[in-house]
Amino acid sequence: MHHIAINIKDDQLAEKVLWLLEHFKHDGAEIVSIEDLEDLKALHATRDESSIPFEDYLAHAD
């Protein structure tokens, strides 16, 4: 898998680039913002953490 980051300051140019990239989705390209990618990485890192029921969390929230 290849990852590409493109930094674009101009909003209109960014919209044009995204429009172009959208045409490659049917070929398997996935478009993810850097912000979303960081969120996904953080979420993935928590998968192996233990969890407790929300009711138990609330009971000990004092």
K.L.:
Show me, pair by pair, the donor-acceptor contacts under 3.5 angstrom made by side chains of residues 1-9, not counting sequence neighbours?
P.N.:
none

K.L.:
With sequence neighbours left out, what residues match His26 under ring pair (Phe, Tyr, Trp, His ring centres under 6.0 Å)?
P.N.:
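Here no residue qualifies.
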K.L.:
Just to verify, what does Asp10 make a side-chain contact (heavy atoms from CB on, under 4.5 Å) with, not counting sequence neighbours?
P.N.:
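For Asp10, the residues satisfying side-chain contact (heavy atoms from CB on, under 4.5 Å) (neighbours in sequence not counted) are Gln12, Leu13.
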K.L.:
If the condition is side-chain contact (heavy atoms from CB on, under 4.5 Å), which residues does Glu22 pass it with, not counting sequence neighbours?
P.N.:
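With neighbours one apart ignored, the set is Lys25, Ile31.
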